[in-house]
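Have a look at the structure below, then the notes.
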There are 2 protein chains.
Amino acid sequence: MAQNSTSTSHDYEEKLQGLLDVAATIFADKGYHHASIRDLSRKAGVSLSGLYYYFSSKEELLYMIQERSLRRIVDSLRDKLEDLDNPEEKLRALVHNHVSFYVSNMAAMRVITQEYDALEGEYRTKIRERRLEYSNLCTEILREVRRFTGGGDVVPLNVATFALFGMMNWIYAWYRPGSNVPTERLAEHLYRLFAGGFTGARRR
Amino acid sequence: MAQNSTSTSHDYEEKLQGLLDVAATIFADKGYHHASIRDLSRKAGVSLSGLYYYFSSKEELLYMIQERSLRRIVDSLRDKLEDLDNPEEKLRALVHNHVSFYVSNMAAMRVITQEYDALEGEYRTKIRERRLEYSNLCTEILREVRRFTGGGDVVPLNVATFALFGMMNWIYAWYRPGSNVPTERLAEHLYRLFAGGFTGARRR
DNA sequence: CGGGTTAGGTCGAACGCTCGATCGGTGAAC
DNA sequence: GTTCACCGATCGAGCGTTCGACCTAACCCG
C-alpha cells in the first residue's frame with residue numbers, strides 16, 4: 001500500500017514529486033488521454049507496476065499534479081497580498097504571481113488549464129473548489145480596484161475575472177521562456193493591458 | 001472511394017458536414033484522443049465502417065473540422081472589414097465576429113483551441129498557416145489602431161494579439177449561451193476591456 | 001423495352017495493437 | 001520477520017482501420 005501523507009518519509013515525498021514533474025511534462029506534451037503510464041515508466045526509469053506504489057490510478061496522478069500546483073500558486077499569492085494595501089498593487093501582484101508561476105511551471109499549469117475535464121467525480125469536485133477559491137480571490141481584488149478607482153460598472157466582475165485568466169492562461173500557446181520578452185516584462189504588459197481596460201472602461 | 005470536392009454532390013456534402021458537426025461535439029466533450037470513432041458511429045447512426053466512406057482517418061476528420069471553421073471565421077471577418085475604415089471600428093468588428101462565431105460554434109471552436117497539437121505532419125502545417133493568417137490579420141489591425149490613436153509603444157503588438165485571443169478563447173471554460181450576459185454584450189465587454197488597455201497603456 | 005454492368009453508399013466481422021490495472025513474488029533494511 | 005520498495009508477466013477491454021460483401025439506382029446496348 002502506498003503511504004498516506006502523515007507518515008510520508010522525506011525520500012518518498014521527493015521521489016513522488018519527481019514522478020509528478022515527469023508526468024506533468026508528458027501530459028502537457030501529449031495530452032492526458034494520449035499519454036500512457038508506460039511513457040512515464042520509461043521516462044522515469046521505473047517499472048510499470050512499480051509506479052503503482054506511488055499512486056493508485058492514472059487519474060489520481062492527474063489530480064495530484066493539479067492539486068499541488070493550485071495550492072502553491074494560491075499560497076504564494078496570499079503571501080504576497082499580506083504586505084499590500086493598495087488595490088491596484090494587489091491586482092498587479094496577482095498578475096505577476098500568476099505569470100511568473102505559470103512560466104516556471106509551464107507543464108503543470110498547462111495540465112491545469114487543459115485537463116480539468118479529464119477529472120471525474122470527487123477529484124473533479126475538489127479541483128473545482130480550488131479553482132473557485134482562486135477565481136473568487138481575483139474577483140474580490142477586482143471589486144476593491146473598482147471601488148478604489150471609482151471606475152464605471154460597465155463590465156461585470158465575473159466577465160472581467162475570466163477575461164484576465166484567459167489572457168494569462170493563453171501563455172502556453174505562444175510564449176517560450178528565453179524569448180526576447182522576459183517573463184517579468186510579459187507580466188507587466190499583461191497587467192497594464194488589463195488594468196488599463198478595466199479601470200478605464202466607461203459607458204459611451 | 002470518397003468523392004473529391006469538385007464532383008461533390010449536394011447530399012454527400014450535407015451528410016459530411018453533419019458528421020463533422022457531431023464529431024466536433026464529441027471531440028469537444030471528451031477530447032480528441034479519448035473520443036472514439038465508435039462514439040461517432042453510435043451518435044450519428046452510421047456503422048463504424050460506413051464512416052470511412054466520408055473520411056480516410058480519424059486525424060483527417062479532426063483536420064476537416066478545424067479547417068472549415070477557421071476558413072469560415074476568417075472569411076466572415078474579411079467580409080465585415082470591407083465596409084470599415086476606422087481602425088477602432090475594425091478592431092471592434094474583429095472581436096464581435098470572433099465572439100459571436102465562437103458562441104454559435106462552441107464545439108468546433110473548442111476543438112480548434114484545444115486540439116491543434118493533436119494534428120501532425122501536413123495537416124498541422126496547413127492549420128498552422130490558417131491560424132497565422134488570422135493572427136496576422138489581427139496584428140495588422142492593432143498596428144493601425146496604434147497609429148490612429150497615437151498610443152504609446154509599451155506593449156508589443158504580438159503580445160497584445162495573443163492577449164486578445166486569450167481573452168476570447170477562454171470563453172469555452174466559463175461562458176454558457178443563454179446566461180444573463182447575452183453574446184452581443186459579452187463581445188462588447190471584451191472589446192472595451194481590451195481596447196481600453198491597448199489604447200490607454202502609457203509608460204509611467 | 002429489357003437484361004447486364006457500373007457506381008454510390010452501407011454494413012458485419014475481424015485483425016493487430018496498446019492501454020490501465022492486477023497479482024504474486026523478491027530482496028534489502030530495520 | 002515484518003515492512004518498504006520494486007518488478008515481470010499477464011489480463012481483459014477498447015482502439016483505428018481494413019476487407020469482402022451487399023443493396024439499390026442509374027446507365028448502356030441490343
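It should be emphasised that the depicted structure is a prediction, and the values quoted were computed from it without experimental measurement.
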Check: protein-nucleotides 17-20 of chain D nitrogen or oxygen pairs below 3.5 Å:
from: D:dT17; atom 1: OP2; to: B:Y52; atom 2: OH; distance (Å): 2.8
from: D:dT17; atom 1: OP2; to: B:K58; atom 2: N; distance (Å): 2.8

(Q) For A:K30, give me all partners under salt bridge (charged side-chain N to carboxylate O under 4.0 Å, His left out), at least two apart in sequence or on another chain. (A)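 With sequence neighbours excluded, A:K30 shows a salt bridge (charged side-chain N to carboxylate O under 4.0 Å, His left out) to A:D39, given in chain and number order.
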
Q | Residues forming a ring pair (Phe, Tyr, Trp, His ring centres under 6.0 Å) with A:F162, sequence neighbours excluded | A |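 B:W174.
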
Spacing of [X] atom [atom1] relative to [N] atom [atom2], expressed in whole Å:
{"X": "A:E13", "N": "D:dC4", "atom1": "CD", "atom2": "P", "result": "16 Å"}
{"X": "B:E14", "N": "C:dG8", "atom1": "CD", "atom2": "P", "result": "19 Å"}
{"X": "B:L16", "N": "C:dG8", "atom1": "CG", "atom2": "P", "result": "16 Å"}
{"X": "A:L19", "N": "D:dA5", "atom1": "CG", "atom2": "C1'", "result": "12 Å"}
{"X": "B:E120", "N": "D:dG16", "atom1": "CD", "atom2": "P", "result": "15 Å"}
{"X": "A:L51", "N": "C:dG20", "atom1": "CG", "atom2": "C1'", "result": "12 Å"}
{"X": "A:D39", "N": "C:dC19", "atom1": "CG", "atom2": "P", "result": "7 Å"}
{"X": "A:Y53", "N": "C:dG27", "atom1": "OH", "atom2": "C1'", "result": "14 Å"}

Q: Please check if any side-chain donor atom of B:T161 sits under 3.5 Å from a side-chain acceptor atom of B:T139, or the reverse.
A: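 Looking only at side-chain atoms, B:T139 and B:T161 do form a donor-acceptor pair, the distance falling under 3.5 Å.
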
Q) Quick one: do the A:E140 and A:N136 side chains pair a donor with an acceptor below 3.5 Å? A)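 Absent: no donor and acceptor within the cut-off.
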
Q) Quick one: are the ring centres of A:Y32 and B:H34 less than 6.0 Å apart? A)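 No, the ring centres sit 6.0 Å or more apart.
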
Q) Does the gap between the ring centers of B:Y175 and B:Y172 come in under 6.0 Å? A)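 Ring centroids of B:Y175 and B:Y172 are no less than 6.0 Å from each other.
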
Q | Side-chain N,O (B:K15) to OP1/OP2 (C:dT10) below 4.0 Å | A |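 Answer yes for this pair, as a side-chain N or O of B:K15 is under 4.0 Å from OP1 or OP2.
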
Q) 5'-most contact on DNA chain C: B:V46 or A:H33, nearest heavy atom basis? A)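 On the 5' side of the pair lies B:V46.
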
